[in-house]
2 protein chains.
Amino acid sequence: MRNADHPCARFIRQIIDIFGGKWSFAIICELHTGPKRFNEIRNDLGISTKSLSDVLKNLEANGIVTRTVHSAAPITVEYALTEKGSDFEEVFIKMSEWGMKWLHQSSSEEMR
Amino acid sequence: MRNADHPCARFIRQIIDIFGGKWSFAIICELHTGPKRFNEIRNDLGISTKSLSDVLKNLEANGIVTRTVHSAAPITVEYALTEKGSDFEEVFIKMSEWGMKWLHQSSSEEMR
DNA sequence: CAGTATCCGGGCGGATACTG
DNA sequence: CAGTATCCGCCCGGATACTG
């Protein structure tokens, strides 16, 4: 059995498919602080409209975020994490823990 | 303060830089079962020599894997996870948990 | 066996302009 | 405001051939 076929690896593969790309993680990070509008995310991250639109569509299709249209004028659209998406925070937490332990962003590189 | 500058988000960004791409996660998954040779990984994953070479170099540069040359004939090279790399398993575990909860690979998989 | 060297096509992501 | 529509450069990743 090829390792690539292991259930674990397959999950990883699917997760990459969903969250892969340059911006997905960042966007989800954004939404963890609460629902946000299209241009809000855009300005915060400095992502192009096309890219943002693409990623949001993908995330919505995978049940990670919801898209809510507020039909006031001017029209606004709010994106929010689903439970599925918000539950992924567990992974982010582990990532941050790992980052804190092994990555140094500050100047004082004492590497070892 | 832009969300993109949050320490959390920055860690995520760095992690993406290290583990981003199509194969990094899969390779690390591979190595969790123990050290492996170049062509072993290659055959298991079905990745091209160039891609594998590139990714391994990147992972080595980031201190995720070690490269050990066994100078017997024919020469063999073993790749293994460093502590830093192996420590990332925590993240994989969380990913798998998330995957088991939220992803369904339909076919009566009795995973694990 | 473990790579390097090339070449190449596709797709991702950015920039810009435009629409409802 | 929230996108869509284009265009485009770049780089990722694959295929193949070759080397020590």
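Throughout, a chain's letter reflects where its sequence line sits, starting with A, and its residues are numbered from 1. Computed from a predicted structure; not experimentally measured.
- Protein atom CD1 of A:I27 is 15 Å distant from nucleotide atom C1' of D:dA2, rounded to whole Å.
- Here the P atom of nucleotide D:dC1 and the CG atom of A:L56 are 16 Å apart, to the nearest Å.
- Residue B:K57 places no side-chain N or O under 4.0 Å from the OP1 or OP2 atom of C:dG3.
- Counting atom types as modelled, A:T49 pairs a side-chain N or O with a base atom of D:dT4 as donor and acceptor under 3.5 Å.
- If you measure from atom NZ of A:K50 to atom P of C:dG14, you get 9 Å, rounded to the nearest angstrom.
- Nearest heavy atom pair, residue A:I28 against residue A:F19, reads CD1-CE2, 3.2 Å.
- A:K94 has a carboxylate O that lies under 4.0 Å from a charged side-chain N of B:E90, or vice versa, which qualifies the two as a salt bridge.
- Taking side-chain N and O atoms only, A:Y79 has no distance below 4.0 Å to OP1 or OP2 of D:dC1.
- Computed from coordinates, the B:H70 NE2 to C:dC1 C1' distance equals 13 Å when rounded to whole Å.
- By the rule that hydrophobic residues join a cluster once side-chain heavy atoms approach within less than 4.5 Å of another member, A:M100 and A:V91 end up as members of one cluster.
- Sequence order on DNA chain D of the closest nucleotides to B:G21 and A:S53 puts A:S53 first from the 5' end.
- Using a 4.0 Å heavy-atom distance criterion, A:R37 is classed as a sugar-phosphate-only contact.
- Side-chain contact check for A:W102 and B:D87: at least one donor-acceptor pair (N or O, by modelled atom type) lies under 3.5 Å.
- What separates CD of A:E60 from C1' of D:dG3 is a distance of 13 Å, to the nearest Å.
- Taking atom CG of B:L52 as the reference point, atom P of C:dT4 lies 10 Å away to the nearest angstrom.
- For the pair A:D54 CG and D:dC7 C1', the interatomic distance rounds to 14 Å; values are reported in whole Å.
- Ion pair A:E60/A:K57 not flagged as a salt bridge, since none of the NZ, NE, NH1 or NH2 atoms sits closer than 4.0 Å to an Asp/Glu carboxylate oxygen.
- The residue among A:F38 and B:K22 whose nearest nucleotide of DNA chain D is located toward the 5' end is A:F38.
- Across all strands, B:T76 comes closer than 4.0 Å only to sugar-phosphate atoms, never to a base (heavy-atom distances).
- If you take CG of B:D44 and P of C:dC1, they are 13 Å apart, rounded to a whole angstrom.
- For DNA chain C, the stems formed by at least three consecutive Watson-Crick or G-U pairs, with both atom-pair distances below 3.5 Å, span C:1-20 with D:1-20.
- In terms of heavy atoms, A:S24 sits closest to A:I18 at OG-O, 4.0 Å.
- For A:W23, no side-chain nitrogen or oxygen approaches OP1 or OP2 of C:dC12 to under 4.0 Å.
- Using a 30° and 60° split on the angle between ring planes, A:Y79 and A:F38 fall in the tilted class, from 30° to 60°.
- The hydrophobic cluster containing A:I75 also contains A:L56, counting ILVMFWY residues as joined when their side-chain heavy atoms lie under 4.5 angstrom apart, directly or transitively.
- Between B:R67 and C:dG3, a side-chain N or O to OP1/OP2 separation shorter than 4.0 Å is present.
- Between B:S51 and D:dG13 there is no side-chain N or O to OP1 or OP2 distance below 4.0 Å.
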